[in-house]
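Before any comments, here is the structure.
Small disclaimer: the values here were computed from a predicted structure and weren't measured. Chain letters run A, B, ... following the sequence lines, proteins first, then strands; residues in each count from 1.
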Amino acid sequence: MASFSKMIPQQALVIRDGEKKELPADQLVVGDVVEIKGGDKIPADIRLIFAQGCKVDNSSLTGESEPQSRSCDFTHENPLETRNIAFYSTTCVEGTATGIVINTGDRTIIGRIASLTSGVGNEKTPIAIEIEHFVYLVAGVAVSIGVLFFIISVSMRYKILDSIIFLIGIIVANVPEGLLATVTVSLSLTAKRMAKKNCLVKNLEAVETLGSTSIICSDKTGTLTQNRMTVAHLWFDNQIYSADTSEDQTTQPFDQSSPSWTALSKIVTLCNRAEFRPGQENLPIMKRVVVGDASETALLKFAEVILGDVMNIRAQKKKVAEIPFNSTNKFQLSIHETDDPNDKRFLLVMKGAPERILERCSTIMINGKEEPLDSEKAEAFQTAYMELGGMGERVLGFCHLYLPENEFPDTYLFDTDSMNFPTSNLCFVGLLSMIDPPRSTVPDAVSKCRSAGIKVIMVTGDHPITAKAIAKSVGIISATSETVEDIAKRLNIPVEQVNRREATAAVVNGMELKDMSSQQLDEILCNHSEIVFARTSPQQKLIIVEGCQRQGAVVAVTGDGVNDSPALKKADIGIAMGIAGSDAAKNAADMVLLDDNFASIVTGVEEGRLIFDNLKKTIAYTLTKNIAELCPFLIYIITSIPLPIGTITILFIDLGTDIIPSVALAYEKAESDIMNRRPRNKRKDRLVNEQLAVYSYLQIGIMQSVGAFVTYFTVYAEQGFLPSTLLGVRVNWENNAINDFEDSYGQEWTKYQRTYLQWTGYTAFFVSITIQQVADLIIRKTRRNSIFQQGLFRNKVVWVGIFSQIGIALILTYGLGHVTALNFTPLRFQYWFVAVPFAILIWVYDEVRKLFIRRYPGSWWDKNMYY
Amino acid sequence: MATLNEKKTCSERMENFRRFVWNPETKLFMGRTLINWVWISLYYLAFYVVMSGLFALSIYCLMRTVNPYEPDYQDQLKSPGVTLRPDVYGDRGLQIYYNVSDNKTWEGLVTTLQTFLTAYTPAAQHLNINCTSDTYFFQDAFDGPNKTKLSCKFTSDMLQNCSGITDPTFGFPEGNPCFIIKMNRVSTSSREACSLLYKQGDEPRLLEVDYYPVNGTFNLHYFPYYGKKSQPSYSNPLVAVKFLNITRNVEHRIVCKVIGAGITFDNVHDPYEGKVEFKFKIED
């Protein structure tokens, strides 16, 4: 956990024995009094006993991007919520504080996260489980057939040594030697493809895991949202206007004709300390770097978009005095000259917490006119404030006052300490509310996940109201669904009386979660399809992930903060954000979204499902020819014909001709509806199911064997041994002492001549399997659709596979046909075509199978023939 | 199917397996209902019947297309193999060792030769005709009985001293043994197969031998061979070699090559193609 150790602060200022000492942070003990100031890293978990304007950046811990103010007041039961605790490894942004060390090292909050992260073991990935299952299956088949035929051959009076050789031959024929290569290549191909789409896959097998994901637990900040405060709504002239919150806004569409807006825009522009870093004029406004806090940045950019060059406007209206925002005043104030040379008045502008601003106002601006602030108008303000606040937005109030010229002439000296200017009886102008808006691609991605049967759960450290608002806007909570609280509010009954089953959505607070048993959590996860967890701690994220896994779900977790890393590790697949993500999160994750775009997850899911489908096709392809390699041995043992195919030849199929085609299937495009079906059930939908094995082994495999045997008998017959002569010849055939072995035509063969014919038989058998594997490759392109629906030429790599397959076979037979050790012979060319009718039969049979599957879904045929 | 990824005790696994074999609640036998088993079995039965039919049909077509008289190709039989009688194979090919004074060591060899020559008695050869011409015996028509072709007679008396008639022990006890060289039948209508026996030893000096028939030739009128169906009574012509004055207690390595048009003996992989190699040793 190198990234955790990087976070350790070097030095701490400690008061020991009445003296201030600089000590390495690792020498701190509980009870030490430490002093911190702006810029310091907090050296341990400390409880503050003195604080002055102290703010800490907890983003590495909780993911909240805003600096949080700290004081000596105990404000909350939860240590993560309360004001008087500062955490190890966070940074003090401003102010000073003194505190008592309450936890050090591994016992600190961050230390516990670190130990959680390293404590969560690496689970087996679903694809690893599937491959293991496949290995068991193949090994079972190989060993049982091998042992069966060992017994048969022993009881047929074969020598024990021969029987053991048969046993080995059968097992070799059954082992899919090339599969490991194929799986690895498919996974890396997909990983490469995903890297192009900005998904960096750290753990290859994770690619498939994403495809079988049934629940995504997503962090809010930075993943679903842009991680940037943006003005979302405005309220002036008794009306709420919405602003554009997209990533690349260039204009704002709301009505800007009202004189109230002109006044409001002036306040927004002037009462703001944020500034663009110089030299960014060519960048889009939204991408420019700003010096200032998040809200001020939002306001600055908002003004820049609407009004143009804000810095110039500010320069024209010279600032003469300013009071920056502080937590006691809860307002920010500045006084400016006007740019109108005839107007010598000063303009006082103020912004701050709406209720505090309203207290200081006596009038309100409606359509550019100041009107007295009566209770009716105050009521309207309250309604608007509540509404905006209810949307989870941070609301700011704006007011101004033109200072009368006679009282405040040009030369008047403003003193911000004595406040020799009015700060009450101002004119209220409007409200602006800001939110960290969702990324524009997220709603679409969430709905795609929905249609793919994936449940998206939001897990955030943020406030429930904000979380719910964002969840609603991205579709995690759909427009029509209600939480228990919503129903209670609509029916006007207490929350307890609401039938919990009626609520499809749920917003669960971290505090509630703390008191829940795992059964209660299971109940929530089961009964609600739309869930938001707010105010959650890292430990709780872990509990949520475990809860989801208890349901049998494959869980993906997205996150960026250090606080997310245990959950990222625990998840079946952890997805970290590449830009916003902390190193710890990236370390713990299996995948990194380089562009922080949630929509990439959908691509990942699609690729993951595709890889599972394609692996299925590859395995089906590979298994088929095992039967065509196995049957010769069995027939050889039972009927004592000359051996139709040798072990070396089998290896040349498994590791030669078949490798590129099976990799080519990894390039196959999705069949259809890949994103419209439910994620696979990891307990039921196996990679290699009964149907796949049975269809490959007992149907297509048998067809291939028949085709290959026809070629074998053709070769022997045309060279002199008719099929009837071949039965039972094994012992004499293999006898070295018989050099005048008689064939069907009375010709006599030496041992070598027979052996050479046997190799020709191997080659013919090999060529037939290769030719039929071409048909097998084509039929495996789809499992349900017709080849013509899928497109015969869409996957070019399959054609590379076919040509390579035939090319390798040609090289082996004609190029290496004279190397006796390889047991290949230059085969007469016509024998290449003997198996072609069987290849066509395989293809036609499979088309018919697929046709019936499409025609009669759910039928006996569908159940038994669809793999 | 039981999930294999979870650790289970043996009894749990057995229980799961028992449940898989017969599940009384769902009435599933090995994962299927009985009627389902019947259906699937019927399907596979039909499938295999069709596949067997296709296989039979293919073999039937194959049998219809192959030539019944001569094989379509002789890719492996470009040059005929040559064999030796008696044929005793050791670890590295033919090895004929015997002791003159121990008749148990050579009686077996003599029996082999006698048995081998029973196919060449006049009685066995009565279907074949006497040929006198010294040229190829080409036959385009089926002149023999039952639409067959005629074959030339080769009787054991043509081997004279090695016929086993005058000397039933083939000279083994005397230390002058007879060996019979046989060229494999290879069906061909065009092969130019004039043949002549030739021997070569490891030692620089030539061994003293007698050939029967004289000169060690296969008479051309035994060729060509038209195949079993055309010439059911055909028997291979033979050449016998009688070794004279053989050094005792020394292993002799002999190569007999058949010299003739279209016969090659330089295949490094096949020691019996166009030639026969053997070792023999006579002990006192």
*Interatomic distance, A/Leu757 atom CG to B/Gln76 atom CD [nearest 0.5 angstrom]*: 5.0 Å
*Looking only at heavy atoms, which two atoms of A/Pro723 and B/Ile59 are closest? And how far apart?*
CG-CG2, 4.3 Å
*Does B/Ser58 reach the side chain of A/Phe713, with side-chain heavy atoms less than 4.5 Å apart?*
no
*Picking from B/Asn236, B/Thr83, B/Asp75, B/Asn36, which has the most non-hydrogen pairs under 4.5 angstrom with chain A?*
B/Asp75
*Answer whether the closest heavy-atom distance between the side chains of A/Leu722 and B/Val66 falls below 4.5 Å.*
yes
_Below 30° counts as parallel, above 60° as perpendicular, anything between as tilted: where do the rings of B/Tyr73 and A/Tyr831 land?_
perpendicular
*So what's closer than 4.5 Å to chain B heavy atoms on A/Trp860: side chain, backbone, both or neither?*
side chain
*Give the intermediate values and the outcome of side-chain contact (heavy atoms from CB on, under 4.5 Å) for residues B/Leu54 and A/Leu841.*
CA-CA 11 Å; B/Leu54 278 175; A/Leu841 177 73; 3.6 Å; yes
*What part of B/Pro232 gets closer than 4.5 Å to chain A, counting heavy atoms only: side chain, backbone, both or neither?*
neither
_Using a 4.5 angstrom heavy-atom cutoff, name the option from A/Thr714, A/Asn689, A/Thr755, A/Thr825 with the most pairs to chain B._
A/Thr714
*Does the side chain of B/Asn184 come under 3.5 Å of the side chain of A/Gln753 through a donor N or O and an acceptor N or O?*
no
*Strictly by modelled atom types, are B/Tyr89 and A/Asn739 linked by a side-chain donor-acceptor pair under 3.5 Å?*
yes
_Under a 4.5 Å cutoff for heavy-atom pairs, which residue among B/Gln231, B/Lys228, B/Lys182 has the most contacts with chain A?_
B/Lys228
*Say you draw a straight line from CE of B/Met51 to OG of A/Ser705; how long is it, rounded to the nearest 0.5 Å?*
8.5 Å
*asked:* For B/Asp72, is there an ion pair with A/Arg828 - N to carboxylate O distance below 4.0 angstrom?
replied: no
*If we only count heavy atoms from C-beta on, is the A/Asn864 to B/Tyr43 side-chain gap below 4.5 Å?*
no
*Inspect the surroundings of OH in A/Tyr856 and state if more than 12 heavy atoms from other residues, nucleotides or ligands are less than 6.0 Å away.*
no
*Identify which part of B/Tyr69 has an atom lying under 4.5 Å from any heavy atom of chain A, answering side chain, backbone, both or neither.*
backbone
_Heavy-atom proximity to chain A below 4.5 Å, by part of B/Phe55_ = both
*Where do A/Tyr745 and B/Pro68 come nearest, in terms of heavy atoms and distance?*
CE2-O, 3.5 Å
*Measuring heavy-atom distances to chain A, does B/Leu94 have an atom under 4.5 Å in its side chain, in its backbone, in both, or in neither?*
neither
_Spacing of B/Asp87 atom CG and A/Asp740 atom CG [to the nearest 0.5 Å]_ = 7.5 Å
*Is B/Trp39 atom CH2 crowded by more than 12 heavy atoms from other residues, nucleotides or ligands, each under 6.0 Å away?*
no
*Select, from A/Ala717, A/Pro837, A/Gly720, the one with the greatest count of heavy-atom pairs under 4.5 Å involving chain B.*
A/Ala717
*Among A/Asn736, A/Thr760, A/Val694, A/Leu698, single out the residue with the greatest number of heavy-atom pairs under 4.5 Å to chain B.*
A/Leu698
_Structural part of A/Trp861 lying under 4.5 Å from a heavy atom of chain B_ = side chain
*Which atom names give the shortest non-hydrogen contact between B/Tyr44 and A/Gln699, and what distance separates them?*
OH-NE2, 2.8 Å
*asked:* Using a 4.5 angstrom heavy-atom cutoff, name the option from A/Phe721, A/Tyr845, A/Phe709, A/Phe838 with the most pairs to chain B.
replied: A/Tyr845
_CG on B/Asn267 to OH on A/Tyr752, rounded to 0.5 Å_ = 5.5 Å
*Between B/Leu77 and A/Glu748, which heavy-atom pair has the shortest distance, and what is it?*
CD2-O, 3.9 Å
